Amino acid sequence: MTRCRTPLHLFNTLSRSREEFHPIAPPKVRLYACGPTVYGRAHIGNFRTFLFVDLLRRVLRLFGFEPESVMNYTDVDDKTIAAAEAASLPLRELTRRYIELFEEDLQTLHILLPDRRPKATDHIGLMIALIEELLRKGHAYVGEDGSVYFRIGSFPDYGKLAHLDRGGLQPGARIAQDEYLKESVGDFALWKAWKAEDGEVGWASPWGRGRPGWHVECSAMSMHYLGEEFDIHCGGTDLIFPHHENEIAQSRCATGKSFAHFWLHCSHMLVDGEKMSKSLGNVYSVADILAQGYTGRHLRFLLLTAAHYRQTLNFTWEGLAAAKAAVGRIDDWLVRWRSLPPERFAAASSEGEEFLTRFCASLADDLNLSDALGHFFEFLRATNRSIDLGAPLPDLPEIWCALDSVLGLGEPDDTVPPHLQELLSRRAAARQRRDWKESDSLRAAIKQEGWSVRDTAQGQELRRR
RNA sequence: GGCGGGGUAGCCAAGUGGUAAGGCCGGGCUCUGCAAAAGCCCUAUGCGUGGGUUCAAUUCCCACCCCCGCCUCCA
C-alpha cells in the first residue's frame with residue numbers, strides 16, 4: 001500500500017546526518033538486521049531494536065518500497081556454547097529452542113517475520129570463503145594457533161563509522177590473554193581455532209578445526225542474500241563498534257565494494273532509569289510483561305512510541321500502564337466507528353487526506369512516530385466528534401488500514417468468554433425490568449473478571465480492561 | 001581522556017527565531033437510571049543554570065551544572 005509520496009529521510013550513522021533515502025534498485029530495498037544470539041530468552045531491550053527494524057520495514061512499505069529483509073541468528077559463539085554445555089544439550093538443540101521462543105515473542109509483539117532468517121552455522125562455508133579472500137588480499141593473517149585475524153592496519157577507513165581513531169584503540173582490561181597472537185590490539189578474529197571448551201563444536205577449515213568469529217557471519221550472510229552492496233544495515237547502537245565497524249572492514253576489503261549504504265542504529269533502553277542488568281533484577285522478557293496482565297500490543301505501543309528510536313527509552317511500569325490506556329482509547333475508537341453503517345463514511349474527505357499527509361510527513365522525517373502519533377490523536381478526536389454529531393466521516397476503514405500498517409496494533413482481543421456471556425444476558429434481563437440494583441451488581445461481577453460493560457442504544461458492550 | 005546522546009508540565013514526549021503538538025494521570029461540565037465511552041473546558045508566562053546576539057530565543061552563540069551511552073565480541 002503506497003500512501004506516502006513524500007521523500008523519506010533517514011539518519012545515516014555513516015554521515016551522522018539525515019539523508020534522503022534512495023535505494024540502489026527501487027522499489028526494492030535490501031535490508032539486513034543483526035539478529036539475536038540465541039543462548040537465552042531475549043529481553044525487552046532486544047525487542048526494542050527489533051521493533052525499530054519492524055517499524056522501518058513497515059514505513060518503507062507505506063512509502064511504496066518493497067523491502068526484502070534478512071536477519072541472522074547467531075547460533076555459535078562463546079555464550080551459546082557455554083549455555084549448551086550447562087544444559088547438557090547439543091548446541092543445535094539449545095539454539096533451536098531459543099529461536100522458537102524468540103519467534104513466539106516476535107509474534108506476540110506483531111513484529112513481521114524477516115523474509116530470511118539465516119543461521120550462522122548453516123553458512124560456515126561462505127565464511128571460510130570470505131576469510132580465504134581476505135587472506136589472499138593481505139587483509140588477514142593466520143596466527144600461531146590456527147586462528148585467523150583481520151589486519152585493521154590494511155584498511156585506511158577503519159574507524160570511520162564509529163568515529164574512532166585507530167591510534168586511540170588501546171589495550172583494555174577485557175583483552176584476553178591469548179591476544180598476544182595478534183599483530184595489533186585492534187585486529188579481530190575472523191576464525192577461532194578450536195579450544196577444549198568448544199567441546200563438540202567445530203568445523204574443518206584450511207587452518208584447522210575451529211569456528212567463525214562473530215563479525216564475519218554478518219558480512220558473509222548479508223552479502224550472500226542481499227549482494228555485495230545493499231541498502232540498509234541496522235541494529236542496536238552498541239553494535240556500531242566494534243561489530244559494524246568490523247563488518248565494513250571485512251566486506252569492503254573482500255569485495256572492493258561499498259557494502260551497506262545506510263546504517264541505522266536504535267538506541268538502548270533503561271529500566272527505571274538504570275541499565276538493565278541481571279544483578280538489578282530488571283531484565284524483563286516478553287513473558288514477564290504478559291504475566292503482569294499486559295499484552296504484546298501494549299508493550300509494542302510503549303516500545304515504539306515512548307521515545308524516538310535514536311533516543312534512550314526509559315522503561316517503567318507506569319509508562320506501560322499509560323501505553324495500555326492509550327491503546328484502550330484507540331480500541332474504543334476502533335470499535336465505535338466499526339459499528340457504524342458504511343454510508344457514514346464519505347468517499348471524498350479532505351480531513352482524512354490531510355491527516356494522512358501529515359502522518360506521512362512526520363514518518364518521512366527519520367521515522368518521527370511521536371509527531372505522527374500526535375496527528376493521529378488529533379484525528380481520532382475529530383472523528384469521534386463527528387460521530388457524536390452524526391456528521392460525515394472520512395473513509396476510516398481505509399485510513400486505519402494505512403495507519404495500522406505502521407502501528408501494527410491489529411484488533412483488540414475482545415472475544416467474550418461464555419461464562420461472561422451468561423452474566424451479560426442476566427444483566428440484560430434485569431435492565432429490562434429496570435432492576436438497577438441487580439444490573440449494577442452484575443456489572444461489578446463482570447468488572448471483577450477484568451471486563452467493563454457499557455450500555456449503548458444498541459445494548460450492552462463488553463471491553464477487556 | 002576520546003567520541004556521542006540528553007536535561008520541555010505530576011509522568012512520557014514532539015517541536016520551532018515570533019511567543020509551547022500529542023499521550024497518560026488529575027479536575028470541572030454535557031450525556032447517562034447510575035456508570036462507561038465520547039465531546040467540551042482547565043492543568044508549563046515556561047522549555048537545566050548564568051550571560052550574550054536579536055525587534056523577538058525554549059529554539060542561535062559562550063560558559064557552567066547535572067544525567068546517560070560507547071571506546072574489542074552487550075540490541
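Each chain gets a letter, A, B and so on, in the order the sequences are listed, and its residues count up from 1. Here the structure is a predicted model, which means the values were calculated and not measured.
- When both pairing distances are held under 3.5 Å, B:G17 makes no Watson-Crick or G-U pair with any nucleotide shown.
- Spacing of P atoms, B:G50 relative to B:U59, comes out at 12 Å, to the nearest Å.
- Contacts classified as salt bridge (Lys or Arg N to Asp or Glu O under 4.0 Å) and involving residues 356-379 of chain A (residues at least two apart or in different chains) are given here: A:Arg18-A:Asp365, A:Arg310-A:Asp366.
- Using a 4.0 Å heavy-atom criterion, one finds that A:His243 contacts no nucleic acid atom at all.
- The two atoms that bring A:Ser267 and A:Arg48 nearest to each other are O-NH1, 2.9 Å, heavy atoms only.
- Each of A:Gly374 and A:Arg381 has a nearest nucleotide on RNA chain B; the 5'-most of these lies closest to A:Gly374.
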Show me the protein contacts with nucleotides 15-20 of chain B, counting only N or O atoms at under 3.5 Å.
{"from": "B:G15", "atom 1": "OP1", "to": "A:Asn368", "atom 2": "ND2", "distance (Å)": "3.0"}

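- In this structure, the ring of A:His139 has its center no less than 6.0 angstrom from the ring center of A:Phe155.
- The aromatic ring centres of A:Phe47 and A:Phe52 sit 6.0 Å or more apart.
- Here A:His268 lies parallel enough and close enough to stack on the base of B:A75, with planes under 30° and ring centres under 5.5 Å apart.
- Taking only side-chain atoms of A:Ala325, from C-beta outward, the nucleotide of B:C25, B:G22, B:A75 with the closest atom is B:C25.
- Rounded to the nearest Å, the gap between the C1' atom of B:C47 and that of B:A38 is 33 Å.
- Using a 4.0 Å heavy-atom cutoff across all strands shown, A:Phe188 reaches no nucleic acid atom at all.
- Donor-acceptor pairing under 3.5 Å is recorded for the side chains of A:Asp77 and A:Thr80.
- A:Met71 comes within 4.0 angstrom of no nucleic acid atom, judged by non-hydrogen atoms across all strands.
- Within the shown strands, nothing qualifies as a pairing partner of B:A75 under the Watson-Crick or G-U definition with both distances less than 3.5 Å.
- Remark: aromatic rings of A:Phe259 and A:Phe230 are close, center separation under 6.0 Å.
- Within 4.0 Å of A:Lys447, counting heavy atoms only, lies no atom of the nucleic acid at all.
- Set against B:C71, B:A75, B:G39, the side chain of A:Arg385 has B:G39 as its closest nucleotide.
- As judged by a 4.0 angstrom heavy-atom cut-off over every strand, A:Asn384 is placed among residues touching the sugar-phosphate backbone only.
- Scored by the side-chain hydrogen bond (donor to acceptor under 3.5 Å, both in side chains) test, A:Asn12 finds A:Glu19 as partners (sequence neighbours excluded).
- Centroid-to-centroid, the aromatic rings of A:Tyr284 and A:Trp317 come within less than 6.0 Å.
- Applying the disulfide (SG to SG under 2.5 Å) test to residues at least two apart or on different chains, the pairs with a partner in residues 353-393 of chain A are A:Cys4-A:Cys360.
- Remark: A:His308 engages no residue in a side-chain hydrogen bond (donor to acceptor under 3.5 Å, both in side chains) (not counting sequence neighbours).
- With hydrogens and angles ignored, a donor-acceptor pair under 3.5 angstrom links the side chain of A:Thr49 to the base of B:A75.
- B:C70: Watson-Crick or G-U partner is B:G2, with both key distances under 3.5 Å.
- The partner of B:A63 is B:U49, by the rule that a Watson-Crick or G-U pair needs both atom distances under 3.5 Å.
- For A:Asp75 and A:Thr121, the side-chain atoms include at least one donor-acceptor pair closer than 3.5 Å.
- With ring centers used as reference points, A:Phe359 lies under 6.0 Å from A:Phe355.
- Protein atom NE2 of A:His244 is 12 Å distant from nucleotide atom C1' of B:C73, rounded to whole Å.
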Per-nucleotide protein contact string for nucleotides 2-12 of chain B (B base, S sugar-phosphate only, - none; heavy atom under 4.0 Å): -SSSS----SS
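- The distance between atom CD of A:Glu245 and atom P of B:U72, rounded to the nearest whole Å, is 13 Å.
- Every side chain to side chain contact (heavy atoms under 4.5 Å, CB included) that A:Arg385 has, sequence neighbours left out, goes to A:Arg381, A:Ala382, A:Leu389.
- The gap from the C1' atom of B:C60 to that of B:G1 amounts to 30 Å, rounded to the nearest Å.
- When rounded to the nearest whole Å, the span between CD1 of A:Ile152 and C1' of B:C71 equals 13 Å.
- Taking a 4.0 Å limit (strictly below) on heavy-atom distances, residues 35-45 of chain A reaches RNA chain B at A:His43, A:Gly45.
- Spacing of C1' atoms, B:C73 relative to B:G10, comes out at 42 Å, to the nearest Å.
- Following rounding to the nearest Å, A:Tyr149 (OH) and B:U72 (P) show an atom-to-atom distance of 17 Å.
- Partners of A:Tyr294 by side-chain hydrogen bond (donor to acceptor under 3.5 Å, both in side chains), not counting sequence neighbours: none found.
- One interatomic measurement links the two molecules: CG of A:Asp78 to P of B:C73, which rounds to 10 Å at whole-angstrom precision.
- Remark: C1' of B:A75 and CG of A:Leu313 are 13 Å apart, rounded to the nearest angstrom.
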Per-nucleotide protein contact string for nucleotides 28-37 of chain B (B base, S sugar-phosphate only, - none; heavy atom under 4.0 Å): -----BBBBS
Tell me which donor-acceptor pairs under 3.5 Å the side chains of residues 438-445 of chain A have, and how far apart each pair is, sequence neighbours excluded?
{"from": "A:Ser439", "atom 1": "OG", "to": "A:Arg427", "atom 2": "NE", "distance (Å)": "3.3"}
{"from": "A:Ser439", "atom 1": "OG", "to": "A:Arg427", "atom 2": "NH2", "distance (Å)": "3.4"}
{"from": "A:Ser439", "atom 1": "OG", "to": "A:Arg431", "atom 2": "NH1", "distance (Å)": "3.2"}
{"from": "A:Asp440", "atom 1": "OD1", "to": "A:Arg443", "atom 2": "NH2", "distance (Å)": "3.2"}
{"from": "A:Ser441", "atom 1": "OG", "to": "A:Glu438", "atom 2": "O", "distance (Å)": "3.3"}

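- Across all strands shown, A:Lys79 has heavy atoms under 4.0 Å from sugar-phosphate atoms exclusively, and none from any base.
- Straight-line distance from the CD atom of A:Glu461 to the P atom of B:A38: 11 Å, rounded to whole Å.
- The aromatic ring centroids of A:His244 and A:His215 lie 6.0 Å or more from each other.
- Partner assigned to B:G39 is B:C29, using Watson-Crick or G-U wobble distances below 3.5 angstrom.
- Annotation: side-chain hydrogen bond (donor to acceptor under 3.5 Å, both in side chains) contacts of A:Thr383 (sequence neighbours excluded): A:Trp333.
- Whole-Å rounding puts the A:His308 NE2 to B:A21 C1' distance at 16 Å.
- Considering only the side chain of A:Ala326, B:G23 comes nearest among B:G23, B:C71, B:A75.
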